[in-house]
Number of protein chains: 2
Amino acid sequence: MQKVSLKFLSKELGLAEGTVSRALNGYSDISEATRSRVIACAEKHNYKANQTARRLATGVAEAVAYLMPANTNALSEPFVSQLLEGLGQSLARRNWDLLVVQASSSEEEAETIAKLSRSGKVSGVVISRPYKQDSRIELLRKYKVPFIVHGRSVSHADYAWYDVDSESAFMDAVDHLVMLGHRQIGFIGAPTYYHFAQMRLDGYRAGILSNGLKVNDSLIEVAELSDDAGERAAVNMLKSPASPTAILCATDTQAIGALAAIRAQGLEPGKDVSVIGYDGLAFGKHTNPPLTTMAQPLAHSGRQIGDMLLAIIDGGNPTDYQELRSAKLVRRMSDGPISGHTE
Amino acid sequence: MQKVSLKFLSKELGLAEGTVSRALNGYSDISEATRSRVIACAEKHNYKANQTARRLATGVAEAVAYLMPANTNALSEPFVSQLLEGLGQSLARRNWDLLVVQASSSEEEAETIAKLSRSGKVSGVVISRPYKQDSRIELLRKYKVPFIVHGRSVSHADYAWYDVDSESAFMDAVDHLVMLGHRQIGFIGAPTYYHFAQMRLDGYRAGILSNGLKVNDSLIEVAELSDDAGERAAVNMLKSPASPTAILCATDTQAIGALAAIRAQGLEPGKDVSVIGYDGLAFGKHTNPPLTTMAQPLAHSGRQIGDMLLAIIDGGNPTDYQELRSAKLVRRMSDGPISGHTE
DNA sequence: CTTGATTCCGAAAGCGCTTTCGGAATAGCG
DNA sequence: CGCTATTCCGAAAGCGCTTTCGGAATCAAG
């Protein structure tokens, strides 16, 4: 199988390489006659420009990297595949590549970003789950790499992001619980170096206060992003004197752990203690009982993020690309009126 | 920020570009003295060779693509992230890139592979979940792209693969169920164009026969790879006169659906009807009841697959890289002795 | 028929790196 | 000290494509 390069085509056609290239790339100084000849020949031989050479010549990488969050745990990973799928679709329309890069530690993360930017192999980057102060964001800015973040850090005024308003989602969740008669509402949060964790906690607090309740610190636990951690946090909280009748969790994964903790105490989630998660993971339908959750619109987020990033790479102003979606309550079976409420 | 290229370094050092390059790449015709000078200078200026140029010059892509299976559904996706993570780690040790490419349809898949091979942007490919006859495999072979498949097709003698022996896993599962007293054992399979689906079905059949039972076609259903499909298949089977006391499912996702179906009939999974899944997904711990499953060793499969592919790219013989792992039973709560067994 | 404007294409210079080749400088040997 | 063998580096030719520039050929206008 003869390798079909520009040179090959040019010989075949009796044209100069540059001419063939220009014909293929839509330059206006090529007559329609020869252009169609060239295109026909290219198709006939199934010509695909060597991307590497093209990249080198044009200086544009035609590729985007997704920085995979380190230490993800199996339960929450579906969001990675979803995002990747959407990103891929968005990039595919331009024939761009999607690179997945990872770094295990955060120092390594800096190193990785530095390498990415210098090696010039990507024209843009997307990162997930930013910290409150996120050094990745600062680096990306410093190196002037176009990027978009899936989530927001504290000062998110001057870069592009796509996020779901979890703060008001948690306010809504508290409202919902209060409406069901709950007064002792607990919160299992995530480590607050994650900005999303802080926002969710803020939403919880705001919701409590706006309902005329008092924030009780013994009803607040912080747990890692895993089912086991959620479970441990829930047993702690259940043990505390301020026994909650409902528990809000920062993530579905933790909420699932909480469910287990409640059942382990001989209590019935959804009757004795309500629990509401956040994320809207599909398998929440199958937990025991099915998990009520604040669902975020995951569906096309990947594609949208991709489109936004592309727009920025094309010269768009990053601050024009900030999008805040909202989550909505999906009631399944893990919430209910406070027990004894009907007495 | 001055861009630091080979030219820059060579001027800085008063050496020729080629010399600097050779020094950095460990050629033996460079004196140790100048080599260390060069390295020091490179580090000082944080030089990273432009990958694109390097690729063009050497002709090696230094990148591997993962062909994302189309139409994955959220419930089963954790395996994608896991695989990607492992692959990434493996490639990172050489500083290679991981590309994620996808194709929505199978014609598009062929197109994608063709493009991949011709554009020369990857030196290897990994694909998942092969069909019995998989055109992707044939294409990859035809184009002489090094590849490895995660799973096996029917004729898997002459390429590299990494798979779990689900056939014997299903035989084991049947044995287990028989030991618990079950005689009416149903099977919810996947579409048999997936070779894994065929192998699991074969394992089921072999298990039934080796236990002196008879294969009853009304106890065999085929369902898509989703919880809903699993549920539908299970209600069908439960409706049939040959009422099963246990159901084996080709995937955990389907098994979870089966659990729901059983409960919907007012029966108790694990007591009235046992169900055993396959995959060992983490969230099986949280289903109602927790799902007994044949767990495959997902943990480092990604890294291993990456290492195997790299070895092949380095010139290894593909057939030397075929690895068959085995799954093992993880008992949770969805299996139990046949009801009435103790009477 | 001459001149100036257009249209269309060829030639050539890169993009930043690798790698081969040859030659100067040094070393080893008799 | 002369000669060959080493050691070490510079020069240059690509890798396959893009893009600028200029010029030949064609056209319209005077």
Side-chain angles (χ1 to χ4, degrees), chain A residues 2-39 41-42 45-63 95-97 115 117-123, chain B residues 2-39 41-42 45-63 95-97 115 117-123:
Chain A
Q2 157 78 289
K3 104 174 103 176
V4 30
S5 59
L6 256 196
K7 173 153 44 159
F8 175 86
L9 286 189
S10 69
K11 281 203 177 123
E12 195 84 354
L13 290 158
L15 292 172
E17 290 185 33
T19 305
V20 178
S21 169
R22 289 201 311 281
L24 257 14
N25 289 320
Y27 276 63
S28 62
D29 65 345
I30 300 291
S31 73
E32 275 314 314
T34 75
R35 187 195 306 287
S36 51
R37 248 184 81 219
V38 169
I39 292 181
C41 182
H45 293 90
N46 234 318
Y47 170 77
K48 292 280 177 272
N50 176 314
Q51 275 231 35
T52 309
R54 185 185 165 83
R55 290 206 243 257
L56 183 58
T58 60
V60 356
E62 301 195 336
N95 242 302
W96 282 31
D97 289 338
K115 242 189 320 203
S117 94
R118 271 203 228 80
S119 73
K121 62 183 164 201
V122 298
S123 11
Chain B
Q2 154 79 288
K3 103 175 104 176
V4 29
S5 59
L6 255 197
K7 172 153 48 164
F8 175 87
L9 286 190
S10 70
K11 279 201 177 121
E12 194 84 355
L13 289 158
L15 292 173
E17 290 185 35
T19 306
V20 178
S21 169
R22 289 202 310 280
L24 257 14
N25 289 319
Y27 275 60
S28 62
D29 64 347
I30 301 293
S31 73
E32 275 316 313
T34 77
R35 185 195 307 286
S36 51
R37 249 183 81 218
V38 169
I39 290 181
C41 182
H45 293 90
N46 235 320
Y47 169 79
K48 291 278 179 273
N50 176 314
Q51 276 230 35
T52 309
R54 185 184 165 81
R55 291 206 242 257
L56 184 58
T58 60
V60 357
E62 301 194 338
N95 242 302
W96 281 31
D97 290 338
K115 243 192 318 209
S117 94
R118 271 203 225 79
S119 73
K121 60 185 167 199
V122 297
S123 10

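We name chains A, B, ... by the order of the sequence lines, and we start the count at 1 in each one.
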[X] [atom1] to [N] [atom2], straight-line distance once rounded to whole Å:
X      : N      : atom1 : atom2 : value
A:K121 : C:dC17 : NZ    : P     : 14 Å
B:L9   : C:dT18 : CG    : C1'   : 15 Å
A:E62  : D:dC17 : CD    : P     : 13 Å
B:L6   : C:dG16 : CG    : P     : 10 Å

With a cut-off of less than 4.0 Å, is there a side-chain N or O of A:N25 near OP1 or OP2 of D:dT19? no
Phosphate-side-chain proximity, A:Y27 and D:dC21, N/O vs OP1/OP2 below 4.0 Å: no
What pairs with A:E17 under salt bridge (charged side-chain N to carboxylate O under 4.0 Å, His left out), at least two apart in sequence or on another chain? none
Over the length of the helix from C:dC1-D:dG30 to C:dG30-D:dC1, how much do the five-pair end axes diverge, rounded to 10 degrees? 50°
Working to the nearest 0.5 Å, report the span between [atom1] of [X] and [atom2] of [Y].
X      : Y     : atom1 : atom2 : value
A:K121 : B:N50 : NZ    : CG    : 10.0 Å
B:K11  : B:S5  : NZ    : OG    : 8.0 Å
B:L24  : B:I30 : CG    : CD1   : 10.0 Å

Qualifying salt bridge (Lys or Arg N to Asp or Glu O under 4.0 Å) pairs with a residue from residues 47-60 of chain B, counting only residues at least two apart or across chains: B:R54-B:E62, B:R55-B:D97
Please check this pair: side chain of A:S123 against backbone of A:A63, looking for a donor-acceptor N/O pair closer than 3.5 Å. yes
Base, sugar-phosphate, or nothing: which does B:S5 touch, judged by heavy atoms less than 4.0 Å apart? sugar-phosphate
Identify, with sequence neighbours excluded, every residue that meets side-chain contact (heavy atoms from CB on, under 4.5 Å) alongside A:S36. none
Residue set satisfying side-chain hydrogen bond (donor to acceptor under 3.5 Å, both in side chains) with B:D29, at least two apart, ordered chain then number -> B:R22
When every nucleotide of nucleotides 7-15 of chain C is labelled 5' to 3' by its protein contacts under 4.0 Å (heavy atoms), B for base, S for sugar-phosphate only, - for none, what sequence of letters results? -BBBB--BB
